[in-house]
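Just below is one structure, and these are the notes that go with it.
Every value quoted in this text rests on a predicted model; they were computed, and no experiment measured them. Every heavy atom of this structure was used, including side-chain atoms; hydrogens, water molecules and symmetry mates were not. Letters go in sequence order (proteins before strands), and every chain restarts at 1.
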Protein chains: 2
Amino acid sequence: MTNERPPDRRVRRTKQRLNDALESLIIEKGYDKITVQDLIDRADVGRSTFYAHYETKDDLLISWTELAADMELHMAQEQTDAGSTMPSLTLFRHLGEHHHLYKAMLGGRGIDIVTEMIHSTLLGHATSVLERRPDASDQTTIPIEVRAGFLASSLLALLTWWLDNDMPYPPESINEMYQELTKTT
Amino acid sequence: MTNERPPDRRVRRTKQRLNDALESLIIEKGYDKITVQDLIDRADVGRSTFYAHYETKDDLLISWTELAADMELHMAQEQTDAGSTMPSLTLFRHLGEHHHLYKAMLGGRGIDIVTEMIHSTLLGHATSVLERRPDASDQTTIPIEVRAGFLASSLLALLTWWLDNDMPYPPESINEMYQELTKTT
DNA sequence: TTGTTATCAGACATGATGTTCTATACCAAA
DNA sequence: TTTGGTATAGAACATCATGTCTGATAACAA
């Protein structure tokens with residue numbers, strides 16, 4: 001019953017400018033060095049206007065990533081059935097296409113919140129796949145919880161390494177390595 | 001030629017109190033919420049005294065972890081030869097013994113600097129072990145760089161998960177799982 | 001056109017940072 | 001034990017980012 005009224009055009013413009021400012025500043029100087037002052041300067045928005053929409057810097061980041069990264073990861077989940085457990089190939093391709101942004105969000109000086117969001121998504125995916133499986137529990141006694149965490153963390157680590165090192169292999173190659181390294185699971 | 005004079009007793013006491021204050025505050029409220037004000041209050045040290053020894057909060061953290069965490073990881077490296085590639089069992093045991101501290105430094109809201117230091121140490125270890133190996137390159141074509149990164153990140157992820165979940169298995173069990181999951185490498 | 005509402009500009013209190021100063025207490029070495 | 005050197009305490013200070021609040025103005029939807 002949430003009465004969804006279309007937001008005022010001014011609100012859309014303001015949020016758009018703040019989102020753009022956030023993205024460009026993340027690539028430019030890294031998230032943690034951004035101040036609210038930077039954001040409103042870059043977006044050319046009044047101080048009170050910012051606080052009318054968001055409570056903190058993190059608040060803006062979260063509502064922004066919900067629109068961007070999360071939607072893209074859902075897209076990745078569609079292509080999971082094609083043999084492998086994780087949608088790794090799709091992810092390598094997608095992150096490679098937007099490597100400037102994802103490198104700034106995942107790499108050495110990344111954004112914890114975003115990393116956690118992606119990890120959480122990967123973990124959920126791995127868990128659900130492993131649970132609905134023609135049980136290979138005769139081969140291993142390792143709990144699903146551990147195996148899923150391993151799959152998710154490995155993929156995230158490999159993605160991060162790949163971006164940090166400026167993608168030294170094509171998505172298909174690095175994906176095969178991931179499949180090989182985790183074939184135990 | 002660095003003339004190493006033993007530091008003044010007052011200096012030792014001051015640094016000791018700041019280190020103690022840092023450790024207790026990390027466990028209490030998490031590193032990123034600590035302010036310099038907190039530190040000098042807890043350590044009961046003058047403001048100017050802090051800045052006489054350290055430039056920033058991170059500065060204190062780094063010189064502290066160099067004494068603590070790094071030395072312990074070196075200890076872990078000794079026991080590597082015993083069959084496995086990584087000193088994983090030693091690490092699970094050591095971190096389990098100091099889980100309060102390590103959970104605060106690695107877990108959900110961890111300290112990036114410390115995480116990177118440990119990851120870097122693990123990566124260096126994995127690399128050197130894989131390099132001096134009776135080459136199993138007939139079995140895999142994956143570059144050492146990738147395999148080492150995989151081993152290090154997997155172990156760090158498992159360690160972190162284990163601490164975050166309050167060590168649901170004894171060190172020996174979780175270590176066996178790690179060995180099983182990474183036996184490809 | 002009209003009533004509503006988002007925005008702006010600015011002022012303001014707050015809290016943390018990092019610098020600088022002087023007097024004092026402590027220290028190591030003679 | 002005295003002495004010269006030095007670390008510390010305490011406080012003041014400028015700076016900066018934060019978050020709140022005000023009234024005036026502009027843009028909006030209807």
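- Distance, Asp58(A) CG to dT18(D) P: 12 Å, rounded to whole Å.
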| message | Before you tell me yes or no, could you show the steps for Val36(A) and Leu60(A) under side-chain contact (heavy atoms from CB on, under 4.5 Å), namely the whole-Å CA-CA distance, both residues' side-chain angles and the distance that decides it to 0.1 Å? | response | CA-CA 10 Å; Val36(A) 175; Leu60(A) 170 62; over 6 Å; no
Heteroatom pairs (N/O) under 3.5 angstrom, protein to nucleotides 21-28 of chain D:
unit_1	atom_1	unit_2	atom_2	d
dA27(D)	N3	Arg10(A)	NH1	3.2

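- As rounded to whole Å, 14 Å separates atom C1' of dT19(C) from atom CZ of Phe50(B).
- The side chain of Thr35(B) has dT17(C) as its nearest neighbour among dA7(D), dT17(C), dT7(C).
- The interatomic distance linking Ile40(B) (CD1) with dT19(C) (C1') rounds to 13 Å, in whole Å.
- Judged by distance alone, with hydrogens and angles left aside, the side-chain atoms of Ser153(A) form no donor-acceptor pair with the main-chain N or O of Phe150(A) at under 3.5 Å.
- Atom CG in Leu60(A) sits about 16 Å away from atom C1' in dT18(D), given to the nearest Å.
- What separates NZ of Lys15(B) from P of dT6(D) is a distance of 16 Å, to the nearest Å.
- In this entry the distance linking CZ of Arg17(B) with P of dA7(D) reads 15 Å, nearest Å.
- In this entry the distance linking OH of Tyr54(A) with P of dG19(D) reads 15 Å, nearest Å.
- With distances taken from any side-chain atom of Thr49(A) to the nucleotides dA17(D), dA9(D), dT7(C), the minimum falls on dT7(C).
- Remark on DNA chain D: of its neighbouring residues Val36(A) and Asp44(B), the 5'-side contact belongs to Asp44(B), judged by nearest-heavy-atom nucleotide.
- Screening residues 153-179 of chain A for ring pair (Phe, Tyr, Trp, His ring centres under 6.0 Å) gives Phe92(A)-Trp162(A) as the qualifying pairs, with residues at least two apart or on separate chains.
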| message | Determine whether Leu22(B) and Lys57(B) satisfy the following criterion, side-chain contact (heavy atoms from CB on, under 4.5 Å), listing intermediate values before the conclusion. | response | CA-CA 9 Å; Leu22(B) 176 64; Lys57(B) 196 178 70 168; 5.5 Å; no
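- Phosphate contact (OP1/OP2 of dA7(D), side-chain N/O of His53(B), threshold under 4.0 Å): absent.
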| task | Before giving the answer on side chain to side chain donor-acceptor pair (under 3.5 Å), spell out for Glu23(B) and Asn19(B) the whole-Å C-alpha distance, their side-chain angles and the decisive distance to 0.1 Å. | result | CA-CA 6 Å; Glu23(B) 177 168 338; Asn19(B) 284 334; over 6 Å; no
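- Rounded to a whole Å, the NZ atom of Lys33(A) is 14 Å from the P atom of dA17(D).
- A salt bridge does not link Asp20(B) with Arg42(B): none of the charged nitrogens is closer than 4.0 Å to a carboxylate oxygen.
- Asp38(B) places no side-chain N or O within 3.5 Å of a backbone atom of Ile34(B) that could act as its donor or acceptor partner.
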